[in-house]
Number of protein chains: 2
Amino acid sequence: MKSLHININVSEALYLKNPESSVLGKSIVTNSIMLINELGFEAFTFKKLGERIESPESSIYRYFENKHTLLIYLVSWYWSWTEYQLVFATANIDSPVERLKRSINILTQPIKVDISFSHINEVLLHDIIITESAKAYHTKAVDNENEKGYFKAYKRVVQRVSDIVLEINPRFEFPHMLISTVIEGAHQQRYFAEHLPALTDLKKGKDSISEFYTQMVFKMIERA
Amino acid sequence: MKSLHININVSEALYLKNPESSVLGKSIVTNSIMLINELGFEAFTFKKLGERIESPESSIYRYFENKHTLLIYLVSWYWSWTEYQLVFATANIDSPVERLKRSINILTQPIKVDISFSHINEVLLHDIIITESAKAYHTKAVDNENEKGYFKAYKRVVQRVSDIVLEINPRFEFPHMLISTVIEGAHQQRYFAEHLPALTDLKKGKDSISEFYTQMVFKMIERA
DNA sequence: CAAATATAATAGTATTACTATCAATTATGC
DNA sequence: GCATAATTGATAGTAATACTATTATATTTG
């Protein structure tokens with residue numbers, strides 16, 4: 001995927017000024033990913049980010065309304081990027097079973113380094129998705145923000161994979177439920193393995209997550 | 001379960017002074033559940049809670065270190081209560097398959113009103129679990145707090161149900177992963193149904209969550 | 001090169017998340 | 001029934017957070 005210069009499209013509703021449009025904007029995004037990882041989302045502030053990039057916090061406020069929308073921006077970027085990976089991995093594959101397998105792998109495997117998008121470190125961003133992304137939609141503003149389209153990228157990913165499920169078994173009643181369970185489950189299990197190992201069965205070194213959820217999907221959708 | 005006067009045991013590490021031990025303590029817990037539901041965890045403060053119960057916030061700080069540990073206290077109370085329900089529902093049932101079915105129901109069904117614990121509204125508490133509980137362990141302090149035993153109640157619930165899985169199929173490799181996926185998945189799907197319906201397939205009125213996850217568990221653990 | 005735009009520098013405000021102090025009330029032990 | 005201890009109330013104070021506002025200085029662009 002090297003130097004394809006694909007543009008990941010993030011909804012304009014998520015920023016005041018497009019961070020991709022300037023050096024400062026990209027620096028805000030790049031360094032926010034690092035700083036959220038270092039401090040955790042609660043302790044992360046625009047003031048600290050400003051110190052890190054040696055710009056006043058007021059400049060950051062010209063790009064993002066607040067740290068909450070910045071988080072949703074990052075999450076949204078991640079899902080757009082994931083969608084692009086899904087499209088890429090399933091192109092020209094006839095068998096829907098094979099397409100589904102590859103899709104589940106993308107949704108559940110650890111991230112490999114992707115140098116296509118220079119100012120975003122996908123490995124660190126993936127860690128933010130695992131640790132912080134639930135906070136993006138577990139708020140009182142979720143309905144309002146959903147109407148504004150803040151979560152469209154995630155929904156598109158779920159829809160895309162659900163469609164493959166329905167290709168294989170058009171009578172399966174719960175494709176979205178199954179796929180969102182797999183996506184969220186895979187992230188959670190990875191978090192549990194690291195921090196609450198009693199809640200999972202993953203051994204250090206061995207990665208059984210993809211295997212487990214692939215099995216789950218195919219067992220659930222197989223026709224009676 | 002009326003008037004059994006069962007005591008739900010919450011780790012002493014989670015409070016400075018046991019809120020069960022006084023009228024003020026119980027009022028703090030009762031009203032925090034209501035106020036977190038009304039405002040969301042982010043906007044909830046001890047100051048506002050103090051106004052609601054007509055006590056100064058400094059009095060609340062004598063019971064709980066901060067709102068974060070109060071949340072973990074509530075989550076912990078919920079899982080202890082769930083464990084008690086699990087024990088109750090599976091007592092004197094010989095068949096492990098039947099015990100597993102009943103356990104999954106308890107973990108995935110909507111809460112019924114339980115009047116056993118007068119100062120805690122379990123229906124509202126369940127809403128907090130669904131909406132806010134991920135915030136209890138998605139923090140930088142998770143490892144430290146895990147060592148202090150803050151999440152023991154949740155782990156006990158997962159362990160208990162995993163043990164039934166292993167009774168049915170001792171060779172199944174991922175019982176904890178399966179059960180934690182079911183628990184978290186069921187909560188998530190309930191949240192999605194309400195706020196992000198594109199991520200699920202639940203229709204208003206009909207509750208397919210228990211059915212879906214029961215199927216999932218039995219399909220996953222059935223022997224080859 | 002002037003005008004528009006973006007960024008820096010700085011200041012200021014209401015709220016949050018506490019900590020501290022001391023007076024008033026209530027409970028308990030003898 | 002009274003002294004003492006423990007709990008709660010009332011109030012104040014502080015550093016940090018989450019912004020908003022203003023003006024000066026760069027930088028870009030037409």
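To find a chain, count down the sequence lines: A is the first, B the second, and so on, and within it residues start at 1.
OP1 or OP2 of D/dA16 has not a single side-chain nitrogen or oxygen of A/K47 nearer than 4.0 Å. The phosphate of C/dT7 has neither OP1 nor OP2 within less than 4.0 Å of any side-chain N or O from A/S59. In this structure, A/S55 reaches the C/dA8 phosphate: one of its side-chain N or O atoms is under 4.0 Å from OP1 or OP2. Using a 4.0 Å cut-off, some side-chain N or O of B/K67 falls inside it from OP1 or OP2 of C/dA17.
In this structure, CD1 of A/I60 is placed 13 Å from P of D/dT17, rounded to the nearest angstrom. Rounding to whole angstrom units, OH of residue A/Y63 and P of C/dA6 are separated by 8 Å. Nucleotide C/dT16 holds its C1' atom 13 Å from the CD atom of B/E51, rounded to whole Å. With rounding to whole Å, B/K17 atom NZ is found 12 Å from C/dT26 atom C1'. Put simply, CG on B/L70 is 12 Å from P on C/dA17, counting in whole angstrom units. One can place CD1 of B/I28 at 10 Å from C1' of D/dT8, the figure rounded to the nearest angstrom. Residue A/F64 contributes atom CZ, which lies 14 Å from atom P of D/dC19 at whole-angstrom precision. We find that CD1 of B/I53 is positioned 12 Å from P of D/dA10, with the value rounded to whole Å.
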B/S/- contact track for nucleotides 20-30 of chain D, protein heavy atom under 4.0 Å:
BB---------

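Each of C/dA6, D/dT8, D/dT17 was ranked by its minimum atom distance to the side chain of A/K48; first place goes to D/dT17. Comparing atom distances between the A/S22 side chain and each of C/dA9, D/dT11, C/dT7 picks out C/dT7 as nearest.
Among all heavy-atom pairs drawn from A/D201 and B/H176, the shortest one is OD1-ND1, 2.5 Å. Closest of all the heavy-atom pairs between B/E132 and A/H138 is OE1-O, 4.2 Å.
Under the rule for a ring pair (Phe, Tyr, Trp, His ring centres under 6.0 Å), the partners of B/F212 that lie at least two apart in sequence or sit in another chain are A/F174.
Side chains of B/S22 and B/Y63: a donor on one and an acceptor on the other come within 3.5 Å. A donor-acceptor contact closer than 3.5 angstrom is absent between the side chains of B/E42 and A/T139. Looking only at atom types and distance, the side chain of B/K48 has no donor-acceptor partner in the side chain of B/N31 under 3.5 Å away. Donor-acceptor pairing under 3.5 Å is recorded for the side chains of B/Y213 and A/T181.
Ring pair A/Y191/A/H195: centre-to-centre distance below 6.0 Å.
Remark: A/K67 fails to qualify as a cation-pi partner of A/F46 under the 6.0 Å distance and 45° angle criteria applied to the six-membered ring.
Applying a 4.0 Å cut-off to non-hydrogen atoms, none of the residues of residues 29-37 of chain A approaches DNA chain D.
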